[in-house]
Trainee: 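Below: one structure in C-alpha cells.
These values consider heavy atoms only, across backbone and side chains, with no hydrogens, waters or symmetry-generated copies. Order of appearance sets the numbers: ligands from 1, and atoms from 1 within every ligand. Computed from a predicted structure; not experimentally measured.
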Amino acid sequence: MNTPGDRVAVYPGSFDPLTNGHVDIILRGARLFDRIVVAILRNAEKNPLFSPEERVAMAAEVFREQPNVGVDSFDGLLVDYAHRQRASAIVRGLRAISDFEFELQMALMNRRLGPDIETVFMMPAEQYTYVSSRLIKEVFALGGPITGLVPAVVEQRLREKRETR
Ligand code: PNS
C-alpha cells in the first residue's frame, strides 16, 4: 500500500514475457521511487503467448522479495490507471534510437491526457539493449538459448508452454 507522500511510479507494458531488460529497469525504478508498480496490459496483443494471469504470476515470483515492487494488470487508459495508483510518474525503458519515436508519441499523448503525470525514461544495462520479448519468443521457439536474457522462472514457464503445445 502507498502511504501519503510516497513517490509512486507505474511501469507499464505487455511483458509477454518479462525479460532481464525489464527486470533491470524495474530495479533501477525501485531505487528512484518509493514504490514501482509493474502494470501488465491485459489486452496488449490479440494472441499473446502468456495470459495476463500467467504474466502477473511470473513477475510476482521474480519480485517477491522486493518490498517496493508491486505487480498488477490493467485495462483501459494508462493515465487513468496511474491516477488510481496515485502515481506521479510512468517509467519506460529506452534501448535504442529506434524506440524513441514511438516512446515520444506515447509520452506526449500521456502528458496531454494526464498533465500531472511525468514520463521518465531509463536506459537498461548495455547487455540488455538488444533484448525484446518478441526476439526471446522467436529464439526460444526455434530452439536457441535464452539463458541469462530472461529470469529463470520465465525460462521454465516457456519450457512448460512448449511441452503443452
Ligand atoms: O510493452 P509495450 O507493448 O511497449 O507497452 C505498451 C503500453 C502498454 C505502454 C501501451 O500500449 C499503453 O499504455 N496502453 C494502454 C492504453 C493507453 O493508455 N493508450 C494511450 C497511450 S499513448
Trainee: What part of Leu77, side chain from CB on, backbone N/CA/C/O, both or neither, has a heavy atom under 4.0 Å from ligand 1?
Mentor: both
Trainee: Between Arg92 and ligand 1, which part of the residue brings a heavy atom under 4.0 Å of the ligand: side chain, backbone, both or neither?
Mentor: side chain
Trainee: Any idea which atoms of ligand 1 are less than 4.0 Å away from a heavy-atom of Gly76?
Mentor: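 Ligand 1 atoms under the 4.0 Å threshold to Gly76: 15 (C), 16 (C).
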Trainee: For Arg31, enumerate each residue passing the salt bridge (Lys or Arg N to Asp or Glu O under 4.0 Å) test, keeping only those at least two apart in sequence or located in another chain.
Mentor: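 Checked Arg31 against salt bridge (Lys or Arg N to Asp or Glu O under 4.0 Å); zero matches.
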Trainee: Report yes if some N/O of Leu78 lies less than 3.5 Å from some N/O of ligand 1; otherwise report no.
Mentor: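 The answer is yes, given that Leu78 and ligand 1 share an N or O pair closer than 3.5 Å.
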Trainee: Tell me the contacting part of Asn110 for ligand 1: side chain, backbone, both, or neither, using a 4.0 Å heavy-atom threshold, strictly below.
Mentor: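 Contact part for Asn110 vs ligand 1: side chain (C-beta onward).
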Trainee: Pair up each side-chain donor or acceptor in residues 113-124 with any protein partner under 3.5 Å, not counting sequence neighbours, and list the distances.
Mentor:
from	atom 1	to	atom 2	distance (Å)
Asp116	OD1	His83	NE2	3.0
Asp116	OD2	His83	NE2	2.9
Glu118	OE2	Arg111	NH2	3.1

Trainee: Search all heavy atoms of Arg92 against all heavy atoms of Tyr11 and return the closest pair with its distance.
Mentor: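 In this case the closest contact between Arg92 and Tyr11 is CA-CE1, 4.2 Å.
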Trainee: In terms of side-chain heavy atoms, does Arg95 have a donor or acceptor partner in Thr129 at a distance below 3.5 Å?
Mentor: no
Trainee: Would you say the side chain of Gln105 lies within less than 4.5 Å of the side chain of Phe102, judging by non-hydrogen atoms?
Mentor: yes
